[in-house]
Structures are given as C-alpha cells and as structure tokens.
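All values reported here derive from a predicted model rather than from experimental measurement.
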Amino acid sequence: VIDSSEASVLIPEYYWYAWDGHKPSKESILENVRDVTEYIKTQKYTSVIVVGESLCSWVASYHTFLLSPQKLALISPFSSMEDVARTRFWMYPMIPISENYESIKYLENYTEQLLIIHWDSDDVVSPFLSKKLLDTVPSNNKKRILIPWWVHEYIWSAPWVRDMIRMFIK
C-alpha cells in the first residue's frame with residue numbers, strides 16, 4: 001500500500017534497470033511489458049492505472065496498448081524517438097536512430113482517462129511532443145498540464161507533481 005491511496009503498486013524491473021547482464025533492446029523491453037501484462041491479467045485488481053515518465057512513457061504506452069487501463073498518467077512523454085531526434089539534433093535524419101520508440105502508435109485507440117504532465121521549458125523532450133501525443137489520443141477525458149520553473153530530470157521531486165498524480169489515481 002502506498003500512502004493513503006490504498007493502491008497496490010507493481011514496479012517492474014526492465015532489462016536496463018535490473019542490472020541482470022542483458023543488453024537492453026526494444027524487443028527485450030517489449031517482452032518484459034508482455035510478461036508484466038500477463039501477470040496483471042491473472043490478478044483480480046478492481047482497476048489498473050499505468051504511470052510512465054520520459055523514456056518509460058513509451059513503456060507505459062505499450063502497457064496501455066496491451067491492457068487498456070482505466071487511467072494513464074504520462075510525465076514528460078514524447079510521440080516518438082524520431083520526433084525527439086528531430087527536435088534535439090539539427091543533423092537528424094542524416095544520423096539514423098537504431099530503435100524508434102513510438103508512443104503515438106500504441107495510444108491511437110486509447111479512450112480512457114489520460115493525464116500528461118510536462119515541464120513547459122523542457123530541453124530534453126520538447127513540450128510540443130507531449131501536445132502532439134495528446135492530440136492523437138481519441139479519449140474524451142484527457143488533460144495536459146504544463147509545469148513552470150522545473151527541470152526534466154527532477155520533475156518527480158516537485159511536490160505538486162506528486163500531488164497531481166495522487167489526485168489522478170484516486
């Protein structure tokens with residue numbers, strides 16, 4: 001149980017976090033997500049809420065594609081890794097990216113509740129990309145909140161961001 005939300009929380013370790021000796025790859029991460037999704041299906045949860053931040057927003061989007069949770073919260077998400085490359089590197093597409101993580105593809109049919117939180121001056125993932133993602137999600141119950149005066153890597157340390165997530169989960 002996490003604080004007063006009375007929620008069961010599952011925090012899976014993906015290949016690149018678990019330090020298990022495996023080289024991370026898009027396919028290995030997708031395999032981890034499929035394993036976690038199958039586990040969740042065997043449980044008797046009354047509702048499922050998925051949360052992802054930055055690169056893990058893509059992982060959360062894939063969870064959502066497989067499971068269609070009642071709620072999805074994304075912090076500093078992006079539409080695709082190609083879009084991130086376009087906004088950050090003037091030489092793209094001359095230098096190809098090895099794996100394209102496409103959140104936009106996995107959320108194109110999501111119709112449940114969506115919350116996106118993004119720093120309004122994010123220099124790692126442009127806020128334009130979370131807007132692009134939001135605009136493609138067909139849900140009628142979606143909201144995007146831009147946070148002023150914060151930094152991409154530390155957005156979770158903002159107390160009001162944690163409060164927004166708690167309120168969203170309830």
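Across F78, F65, Y101, a single residue satisfies ring-ring contact (aromatic ring centres under 6.0 Å, His included) together with W58, and that is Y101. The side chain to side chain contact (heavy atoms under 4.5 Å, CB included) test with Y39 is passed by exactly one of D35, T42, T37: T42.
For D163, the side-chain hydrogen bond (donor to acceptor under 3.5 Å, both in side chains) partners are R166, not counting sequence neighbours.
Residue pairs meeting the salt bridge (Lys or Arg N to Asp or Glu O under 4.0 Å) criterion with at least one partner in residues 108-126, sequence neighbours excluded, are absent.
For the residue pair N100 and S80, the shortest heavy atom distance occurs at OD1-CB, 3.8 Å. Residues P77 and I117 approach most closely at CD-O, 4.1 Å, considering heavy atoms. Minimum heavy-atom separation, K71 to K170: NZ-O, 2.9 Å. Taking all atoms of both residues into account, the shortest heavy-atom contact from S76 to S57 is O-OG, 4.5 Å. M164 and I147 make their closest contact through CE-CD1, 3.3 Å (heavy atoms, listed as atom of the first residue, atom of the second, distance). The heavy-atom pair separating Y110 from P69 by the smallest distance is OH-O, 3.0 Å.
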For L115 and L72: C-alpha separation, side-chain torsions, deciding distance, then whether side-chain contact (heavy atoms from CB on, under 4.5 Å) applies. CA-CA 6 Å; L115 172 65; L72 171 64; over 6 Å; no

One pair to check against side-chain contact (heavy atoms from CB on, under 4.5 Å): H118 and L74. What are the steps and the verdict? CA-CA 8 Å; H118 209 132; L74 301 174; over 6 Å; no

side-chain contact (heavy atoms from CB on, under 4.5 Å) assessment of V51 paired with I75: CA-CA 8 Å; V51 179; I75 295 95; 3.9 Å; yes

Yes or no on side-chain contact (heavy atoms from CB on, under 4.5 Å) for R144 and K131, after CA distance, side-chain angles and deciding distance? CA-CA 8 Å; R144 179 172 167 256; K131 175 74 167 111; 3.6 Å; yes

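Each of L146 and I155 belongs to its own hydrophobic cluster when Ile, Leu, Val, Met, Phe, Trp and Tyr are linked at side-chain heavy-atom distances under 4.5 angstrom.
Considering CG of L129 and CG of D83, their distance stands at 5.5 Å, rounded to 0.5 Å. Here the CG-CG distance, from N141 to L114, works out to 8.5 Å after rounding to the nearest 0.5 Å. The distance from atom NE2 of H63 to atom CG of N32, rounded to the nearest 0.5 Å, is 8.5 Å. We find the OH-NZ distance between Y62 and K105 to be 8.5 Å, quoted to the nearest 0.5 Å. A distance of 10.0 Å separates OG of S68 from CG of L107, quoted to the nearest 0.5 Å. To the nearest 0.5 Å, atoms CZ (F168) and CD1 (I145) are separated by 9.5 Å.
T64 and S61 are not linked by any side-chain donor-acceptor pair at a separation below 3.5 angstrom, with hydrogens and angles left out of the test.
Looking at S54, its side chain never comes within 3.5 Å of a backbone N or O of C56 through a donor-acceptor pair. Using modelled atom types, one side-chain atom of E99 and one backbone atom of K26 make a donor-acceptor pair closer than 3.5 Å.
Ion pair E38/K41 flagged as a salt bridge, since at least one NZ, NE, NH1 or NH2 atom sits closer than 4.0 Å to an Asp/Glu carboxylate oxygen. Salt bridge annotation for R34-E27: present, with a cationic side-chain nitrogen under 4.0 angstrom from a carboxylate oxygen. A salt bridge between D135 and K132 is absent, with no side-chain N of the basic residue lying under 4.0 Å from a carboxylate O of the acidic one.
No more than 12 heavy-atom neighbours from other residues, nucleotides or ligands sit within 6.0 angstrom of NZ on K143.
Looking only at side-chain heavy atoms (C-beta outward), V50 and V48 come within less than 4.5 Å of each other. In this structure the side chain of S139 never reaches within 4.5 angstrom of the side chain of Q113, judged on heavy atoms.
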